[in-house]
Amino acid sequence: MSDSTSPEEKKSLNFIEVVIEKDLNEGLNDGRIQTRFPPEPNGYLHIGHAKAICLDFGLAQKYGGACNLRFDDTNPVKEDVEYVDAIKEDIKWLGFDWANVFYASDYFPQLWDFAIQLIKEGKAYVDEQSAEEIAKQKGTPTQAGTNSPYRDRPIEESLELFAKMNQGVLDEGSMVLRAKVDMASSNMHFRDPIIYRIIKQAHHRTGNQWYAYPMYDFAHGQCDYFEGVTHSVCTLEFVVHRPLYDWFIDSLAASNYRPRQYEFNRLNLTYTVMSKRKLLQLVQENLVTGWDDPRMPTLSGYRRRGYTPQSIRNFIDKIGYTKYDGMIDVALLEFAVREDLNKKATRVSAVIDPIKLVITNYPDNQTESLEAQNNPENPESGSHSILFSKELYIERDDFMEEAPKKYFRLTPGQEVRLKHAYIIKCTGCKRDDLGNVTEVYAEYDPQTKSGMSESGRKVKGTIHWVSTQDAIDIEVRLYDRLFTAEDTSADKGIDFKTLLNPNSLIVKKGCKAESFLKTALAYHQFQFQRIGYFNVDPDSNVDQLVFNRTVTLKDSWGKIKDQ
RNA sequence: AGCCUUGUCGUCUAACGGUAGGACUGGAGACUUUGGAUCUCUAUACCGGGGUUCGAAUCCCUGCGAGGCUACCA
């Protein structure tokens with residue numbers, strides 16, 4: 001066999017792709033591939049959802065199939081249209097599009113009919129016990145459950161009561177419809193699962209049309225079937241639900257077509273809380289400014305933080321799909337953004353901790369315009385002009401009066417290159433009464449302007465700067481990750497309020513900066529250990545910046561981790 | 001405890017039963033129109049024990065570990 005695949009094509013298939021290719025080869029479902037992305041509209045999408053989105057939509061794309069967006073809205077108590085809209089926006093932002101938008105609530109009539117069918121077949125019954133009694137009878141994983149006294153009630157009676165459940169005359173919790181499966185099964189989901197319950201709250205789409213609502217287990221597989229989904233992909237915690245999924249499909253499927261469920265490992269990220277419950281709590285208790293707070297691990301949060309959709313998709317692509325529960329190092333996500341932004345973002349300069357630099361031999365009132373490349377890694381990206389003048393701001397720590405040997409920046413007697421401008425030689429500095437440096441002095445060499453013949457001269461260091469005339473003040477808000485504990489995989493007894501990163505909100509540092517361009521990436525001498533994105537004032541024309549290097553964050557994380 | 005899923009470098013992830021590879025992270029170095037870029041080098045892994053086989057990460061048995069399940073949530 002000749003194998004002429006390029007390295008790109010040689011990327012190994014994930015286990016679901018293997019299944020699909022096998023199904024395709026066997027001509028299953030007439031060679032049709034259909035998936036769905038089924039969020040419950042009860043919150044915003046987070047980075048974990050991106051993994052499911054990339055798979056659901058990606059599989060359909062790769063195999064010429066269709067992927068529907070289906071809102072799993074079977075519980076009106078938790079759901080809202082606000083979330084529906086936000087979810088659509090975030091999927092589109094990631095660059096995917098759905099074949100159709102469906103709602104589980106679209107299928108309420110069909111599900112209702114199917115429930116009646118089950119009752120008539122003696123496979124479902126109305127139970128009038130309390131939730132507590134039902135739970136008690138369920139038994140434990142090692143102990144069989146006991147049958148409900150209503151389990152063998154006449155079919156007619158169940159039919160009558162089921163109809164009544166949907167009339168709005170019964171209290172919530174007064175009765176439920178249960179499937180009659182096996183109270184002794186080792187799979188707890190087989191112990192006569194509840195499939196309909198009474199909820200007397202308006203649904204965001206169907207209003208007060210229904211009072212009896214199907215449970216997830218009774219809705220999901222059937223919706224897949226009604227829609228023609230062939231490969232229903234979900235996360236690992238639904239593995240134990242699959243037998244029940246199949247049980248219902250067995251009773252429902254008339255043709256040779258049937259949907260199949262496959263499960264992959266959900267995304268766990270270090271230092272990142274993915275629990276929707278906790279994210280909701282953060283929003284509700286105003287600990288963050290909203291679902292799209294740049295500290296949130298939501299897609300809208302990452303978006304505001306400056307992440308590109310491509311970087312998130314690249315990240316998902318790197319981590320792969322398996323069936324083993326792991327914990328991905330968030331450094332991989334951050335690598336993905338850097339990798340993408342390095343190629344795209346416009347480089348600008350920002351001086352965060354300014355000190356004045358005076359070029360003593362530069363004419364007092366002269367200014368000149370210099371060209372700065374937008375992105376050195378991409379020659380096509382063009383350039384923008386920056387203003388040079390006698391007085392500049394540079395970073396305070398780019399100057400040292402008495403420098404160690406390997407200090408390549410400004411120190412008396414040493415030359416450095418001013419980025420995009422001239423080579424200068426430091427001549428000294430001025431100090432105030434307390435001994436703090438207030439001004440630094442240097443002389444420039446006019447022959448060394450960027451691009452000139454002399455400009456090739458070797459100097460040991462390059463520093464960035466902004467002109468005092470051209471500089472604008474901006475308020476910088478530095479955001480870092482919201483959470484600090486490495487393993488935040490929820491419900492481990494962590495008080496989530498302690499997870500708020502004390503370093504996450506550094507709202508200060510008025511600073512001088514040159515005019516920024518949109519989606520700017522600042523490279524400079526500051527040391528942020530982790531890449532930190534920050535948004536600037538909405539009134540300025542800057543959307544986002546990327547700052548690198550810090551010295552403080554890593555240390556504090558270490559301490560918190562050790563406690 | 002029972003059932004289900006699952007164990008490959010620190011972390012993710014590959015390898016028709018045939019050389020354990022890649023990426024991130026870490027370390028070292030080079031390079032100076034900033035560099036956390038780029039380039040070079042480098043470290044670290046098949047959970048243990050038995051089998052089957054010429055040959056096992058891969059198949060079988062067994063032990064151990066991890067995660068999930070016992071919601072009128074999804």
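What you see is a predicted model, and the numbers here were worked out from it, not measured in a lab. Each chain gets a letter, A, B and so on, in the order its sequence line appears, and its residues count up from 1.
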Which residue, A:Asp106, A:Asp56, A:Asp224, forms the salt bridge (Lys or Arg N to Asp or Glu O under 4.0 Å) with A:Arg70? A:Asp224

Rounding to the closest angstrom, what is the interatomic distance between [N] and [M] at atom [atom1]?
| N | M | atom1 | value |
| --- | --- | --- | --- |
| B:A45 | B:C9 | P | 9 Å |
| B:U8 | B:A20 | C1' | 8 Å |
| B:U38 | B:A23 | P | 13 Å |
| B:G22 | B:C39 | P | 16 Å |
| B:G10 | B:G26 | C1' | 8 Å |
| B:U44 | B:U32 | C1' | 33 Å |
| B:C59 | B:G18 | P | 11 Å |
| B:C4 | B:A15 | P | 26 Å |

Is [X] touching bases, backbone alone, or none of the nucleic acid, heavy atoms closer than 4.0 Å?
| X | result |
| --- | --- |
| A:Lys78 | base |
| A:Tyr213 | nothing |
| A:Gln129 | base |
| A:Asn265 | sugar-phosphate |

Taking only heavy atoms on the protein side, list every residue of residues 47-56 of chain A lying under 4.0 Å from any atom of RNA chain B, sorted numerically. none

For RNA chain B, what residues of residues 175-191 of chain A have any heavy atom nearer than 4.0 Å? A:Val176, A:Ser186, A:Met188, A:His189

Between A:Gly173 and A:Thr142, just flag the one whose closest nucleotide in RNA chain B comes earlier from the 5' side. A:Thr142

Let me confirm one number: the CD1-CE distance from A:Ile198 to A:Met175, rounded to the nearest 0.5 Å. 6.5 Å

So how far is it from A:Leu418 CG to A:Trp465 CH2, rounded to the nearest 0.5 Å?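 A:Leu418 atom CG to A:Trp465 atom CH2 measures 7.0 Å (nearest 0.5 Å).
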
For A:Ser148 versus A:Arg178, what's the shortest heavy-atom pair and its separation? CB-NH1, 3.8 Å

Can you check side-chain contact (heavy atoms from CB on, under 4.5 Å) on A:Asp80 and A:His204, steps first, answer last? CA-CA 6 Å; A:Asp80 197 282; A:His204 68 99; 5.8 Å; no

Side-chain donor-acceptor pairs under 3.5 Å in residues 162-172 of chain A, sequence neighbours left out?
residue: A:Asn166; atom: OD1; partner: A:Tyr211; partner atom: N; Å: 2.6
residue: A:Asn166; atom: OD1; partner: A:Ala212; partner atom: N; Å: 2.9
residue: A:Glu172; atom: OE2; partner: A:Lys200; partner atom: N; Å: 2.7

Identify, with sequence neighbours excluded, every residue that meets side-chain hydrogen bond (donor to acceptor under 3.5 Å, both in side chains) alongside [X].
| X | answer |
| --- | --- |
| A:Ser311 | A:Thr308 |
| A:Thr235 | A:Glu237 |
| A:Tyr103 | none |

Under-4.0 Å side-chain N/O to phosphate OP1/OP2 contact, [X] with [N]:
| X | N | answer |
| --- | --- | --- |
| A:Thr322 | B:U13 | yes |
| A:Lys318 | B:C24 | no |
| A:Thr74 | B:A74 | yes |

Gap between atoms CD and P, on A:Glu334 and B:A37 respectively (whole Å): 13 Å

I'd like to know whether NZ of A:Lys460 has more than 12 heavy-atom contacts from other residues, nucleotides or ligands below 6.0 angstrom. no

Within the supplied structure, the quantity of interest is the number of heavy atoms (other residues, nucleotides, ligands) at a distance under 6.0 Å from A:Arg205 CZ; does it exceed 12? yes

Closest nucleotide among B:A74, B:C24, B:U32 to the A:Ala331 side chain: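 From the listed options, B:C24 comes nearest.
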
Counting only side-chain heavy atoms from C-beta out, which of B:C24, B:U32, B:A74 sits nearest to A:Lys458?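 Of the candidates, B:U32 comes closest.
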
Contacts of A:Lys78 that satisfy side-chain contact (heavy atoms from CB on, under 4.5 Å) - sequence neighbours left out: A:Glu40, A:Asn42, A:Asn75

Among A:Phe108, A:Trp112, A:Tyr196, find the one that has a ring pair (Phe, Tyr, Trp, His ring centres under 6.0 Å) with A:Tyr213.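 Among A:Phe108, A:Trp112, A:Tyr196, the one meeting ring pair (Phe, Tyr, Trp, His ring centres under 6.0 Å) with A:Tyr213 is A:Phe108.
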
Can you pull out every salt bridge (Lys or Arg N to Asp or Glu O under 4.0 Å) where at least one residue sits in residues 133-145 of chain A? Sequence neighbours excluded, please. none

As a check on the pairing definition, encode RNA chain B in dot-bracket form, counting Watson-Crick and G-U wobble pairs whose two distances are under 3.5 Å, and using | for partners outside this strand. .((((((..((((....[..)))).(((((.......)))))....(((((..]....))))))))))).....

In B/S/- notation, 5' to 3', how is nucleotides 38-44 of chain B contacted by protein heavy atoms closer than 4.0 Å? -------

Test side-chain contact (heavy atoms from CB on, under 4.5 Å) applied to A:Glu339 and A:Phe315, step by step: CA-CA 10 Å; A:Glu339 188 187 39; A:Phe315 164 70; over 6 Å; no

Are A:Phe238 and A:Tyr216, when compared by the centres of their aromatic rings, separated by less than 6.0 Å?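 Yes, they do, as the ring centres are separated by less than 6.0 Å.
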
With sequence neighbours excluded, what pairs up with A:Phe248 under the ring pair (Phe, Tyr, Trp, His ring centres under 6.0 Å) test?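 Ring pair (Phe, Tyr, Trp, His ring centres under 6.0 Å) check on A:Phe248 returns A:Phe218.
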
With a 3.5 Å cut-off and heavy atoms only, can you find an N or O donor on one side and an acceptor on the other between the side chain of A:Thr140 and the base of B:U70? no

As a test of understanding, state which of A:Arg36, A:Glu263, A:Gln261, A:Arg260 forms a side-chain hydrogen bond (donor to acceptor under 3.5 Å, both in side chains) with A:Ser232.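 Exactly one pass, corresponding to A:Arg36.
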
Which pairs, protein N/O on one side and nucleotides 4-11 of chain B N/O on the other, fall under 3.5 Å?
residue: B:U11; atom: O3'; partner: A:Met327; partner atom: O; Å: 3.2
residue: B:U11; atom: O2'; partner: A:Met327; partner atom: O; Å: 2.9

